[in-house]
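Let me begin by presenting the structure, written as structure tokens, before commenting on it.
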Amino acid sequence: MSETPMNNDAAAVPDVATPSPIEPTVCFADFGLAPEILRALTDQGYVHPTPIQAQAIPVVLQGRDVMGAAQTGTGKTAGFSLPIIQLLLAHASSSMSPARHPVRALILTPTRELAVQVAENVKAYAQHTPLRSTVVFGGMDMKGQTVILKGGVEIVIATPGRLLDHIEQKNVSLGQVQMLVMDEADRMLDMGFLPDLQRIINLLPKKRQNLMFSATFSPEIKKLANSFLQQPVLIEVARSNATAEKVTQIVYKVDEEQKRDVVEFLIRQRELKQVIIFSNTKIGASRLSRHLEQTGIKASAIHGDKTQQERMAALEAFKQGEIEVLVATDVAARGLDISDLPCVINYDLPYNAEDYVHRIGRTGRAGASGDALSVYSDKDERLLADIEKLIKQDITRGELTGFAPRTRGRDSERGERSERPQRGERVERGGERSERPPRRFEGEARPERPARSYGAGPLPRREKVDPWFLKPYEPANAPRREAAATDTSNGPAKPKQKIAALLGGLPKPAQS
DNA sequence: AAAAAAT
């Protein structure tokens with residue numbers, strides 16, 4: 001409910017149309033929220049809180065720390081931002097002076113997109129209040145962010161790295177922060193943000209309210225919670241590893257080379273107009289997206305090699321319905337506010353079984369039904385077994401009735417050619433794509449490839465290229481991030497092993 | 001074995 005619904009048409013049912021039948025009907029008006037906040041909620045047509053909101057809002061208003069187990073789409077964002085706004089409102093200043101607008105609430109998120117979404121929600125909820133909020137994240141010019149920070153804001157939503165950058169440059173001070181939110185804390189640990197988190201937390205006043213949200217409860221998360229939450233109230237909405245019951249899951253076993261065509265077939269057969277396809281690799285996402293476009297399906301890729309502008313443009317185009325297919329890496333698996341999709345497709349089975357749950361959590365939300373389709377091949381049997389073990393259910397094996405594997409004559413050459421990574425090939429830019437007519441490479445050399453890349457003569461036979469070769473060269477002995485290492489006595493992203501040490505020298509469990 | 005994030 002806090003999350004903006006995908007379909008904004010008037011006929012769309014609000015996320016929370018049906019309050020739990022056991023509970024008496026609760027309204028936002030029952031929480032004693034300020035009229036300005038209720039007005040913002042009314043503006044958006046929200047009346048009834050989701051379960052997590054109903055639980056979290058009163059607890060946060062009491063000033064208690066919270067450990068929340070909830071995924072995106074449960075209304076978590078409103079669950080913490082509404083009471084935060086309410087609490088800050090009690091001492092809001094209407095003065096224009098920056099000094100009167102110190103940062104009082106800090107919300108940290110693992111990914112940039114999530115930060116933007118949370119910020120949009122906060123802004124909407126606080127629109128009738130004098131509270132100011134802003135979002136800071138990497139990949140964008142610092143200047144605009146700096147101006148806003150220096151102007152004074154009460155609520156900052158940030159990804160950790162860029163926030164530290166601003167702190168170091170004295171663009172922002174966190175000495176007055178009263179409330180800290182760590183959203184998707186498990187994800188932040190996975191991504192090696194712990195050292196950054198520690199540095200940020202060290203800059204906050206000791207006396208503050210802490211809210212931590214996590215989709216899973218690994219031992220690491222529990223340690224983190226113990227280290228900085230004070231007698232937290234545990235709020236749990238749905239079991240973290242439970243798959244939504246309304247999601248119909250089907251897996252299709254196909255030849256590895258056919259995955260692409262099968263995905264295309266599924267999109268056409270089901271006439272999918274809003275679907276996310278997950279790929280395990282950035283390059284795979286780009287290629288599949290390009291292939292779909294060549295077959296006339298409006299598609300775009302989103303992953304970490306895209307510029308921030310491209311990522312935001314793709315997301316927006318998808319939300320607007322300008323593109324039908326968003327091919328994504330796991331940048332979009334969690335947190336991203338793309339929900340209520342009728343269908344999600346796994347082009348690759350995720351290496352982490354848990355990610356499967358997160359991926360298919362994009363569909364079948366709020367009582368709606370959804371389909372999660374996956375294609376896999378022989379070599380993925382193990383991954384599938386892991387997934388089924390985690391979700392404790394067998395997934396239906398689907399039959400591809402009507403799918404005609406392409407018997408390619410010379411056509412196969414085109415297929416292979418466009419699939420192979422080209423030397424010097426870059427991830428395609430979002431902008432030029434729409435203007436580019438579908439192209440075929442009927443065996444001819446791509447015009448833009450410089451001939452000297454391969455020297456004179458026929459193209460060398462290309463063996464199966466490992467995409468990692470296409471990464472920029474990094475000397476193995478480069479003294480990477482040494483400064484950061486000395487600073488925190490912790491290197492970069494070495495999550496699991498270092499966590500115990502960071503959390504205060506807990507005795508290591510005796511195991512190898 | 002990959003991806004995400006500060007540059």
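In what follows, chains carry the letters A, B, and so on, assigned in the order in which the sequence lines appear, proteins first and then strands, with residues in each chain numbered from 1. As a basis for the values below, the full set of heavy atoms in this structure was taken, side chains included, without hydrogen atoms, waters or symmetry mates. Since we're looking at a predicted model, the values are computed, not measured.
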Item to check | Separation of atom NZ in A/K379 from atom P in B/dA1, rounded to whole Å | outcome: 13 Å
Checklist outcome for this item: Paired with A/R270, the side-chain contact (heavy atoms from CB on, under 4.5 Å) test is passed by just one of A/L373, A/I345, A/V275, namely A/L373
Checklist entry - For the pair made of CG in A/L114 and P in B/dA3, what is the distance, rounded to whole Å? => result 20 Å
Checklist entry - So which nucleotide from B/dA4, B/dA1, B/dA6 ends up closest to the side chain of A/H303? => result B/dA4
Checklist outcome for this item: Here the distance between atom C1' of B/dA5 and atom CE of A/M182, to the nearest Å, is 15 Å
Next on the checklist: Can you identify which nucleotide, out of B/dT7, B/dA4, B/dA1, has its nearest atom closest to the A/T111 side chain?
Outcome noted: B/dA4
Checklist entry - Between atom CG in A/L189 and atom P in B/dA5, what is the gap in whole Å? => result 16 Å
Checklist entry - Among B/dA3, B/dA5, B/dA6, which is the nearest nucleotide to the side chain of A/T281? => result B/dA3
Checklist entry - Do the side-chain N or O atoms of A/R187 get closer than 4.0 angstrom to the phosphate oxygens (OP1, OP2) of B/dA3? => result no
Checklist entry - Between A/R162 and B/dA4, is there a side-chain N or O to OP1/OP2 distance below 4.0 Å? => result no
Item to check | Under 4.0 angstrom between A/R112 side-chain N/O and B/dA5 OP1 or OP2 | outcome: yes
Checklist outcome for this item: Which of B/dA5, B/dA3, B/dA6 is nearest the side chain of A/K282? It is B/dA3
Checklist entry - Is there a donor-acceptor contact under 3.5 Å from the side chain of A/T396 to the main chain of A/G398? => result no
Item to check | Donor-acceptor contact present, side-chain A/N121 to main-chain A/T77, <3.5 Å | outcome: no
Checklist entry - A/M140 CE to B/dT7 P: how many Å, rounded? => result 11 Å
Checklist entry - For A/I297, does its backbone N or O pair with a side-chain atom of A/E324 as donor and acceptor, under 3.5 Å? => result no
Item to check | Atom pair distance, as rounded to whole Å: CD in A/Q145 and P in B/dA5 | outcome: 14 Å
Checklist entry - Whole Å only: how far is the CE atom of A/M191 from the P atom of B/dA3? => result 13 Å
Next on the checklist: Rounded to whole Å, how long is the line connecting atom CG of A/D165 with atom C1' of B/dA6?
Outcome noted: 5 Å
Checklist entry - Within the structure, does a side-chain N or O atom of A/T159 lie under 4.0 Å from either OP1 or OP2 of B/dA4? => result no
Checklist entry - So which heavy atom on A/I85 is nearest to which on A/V122, and how close? => result CD1-O, 4.0 Å
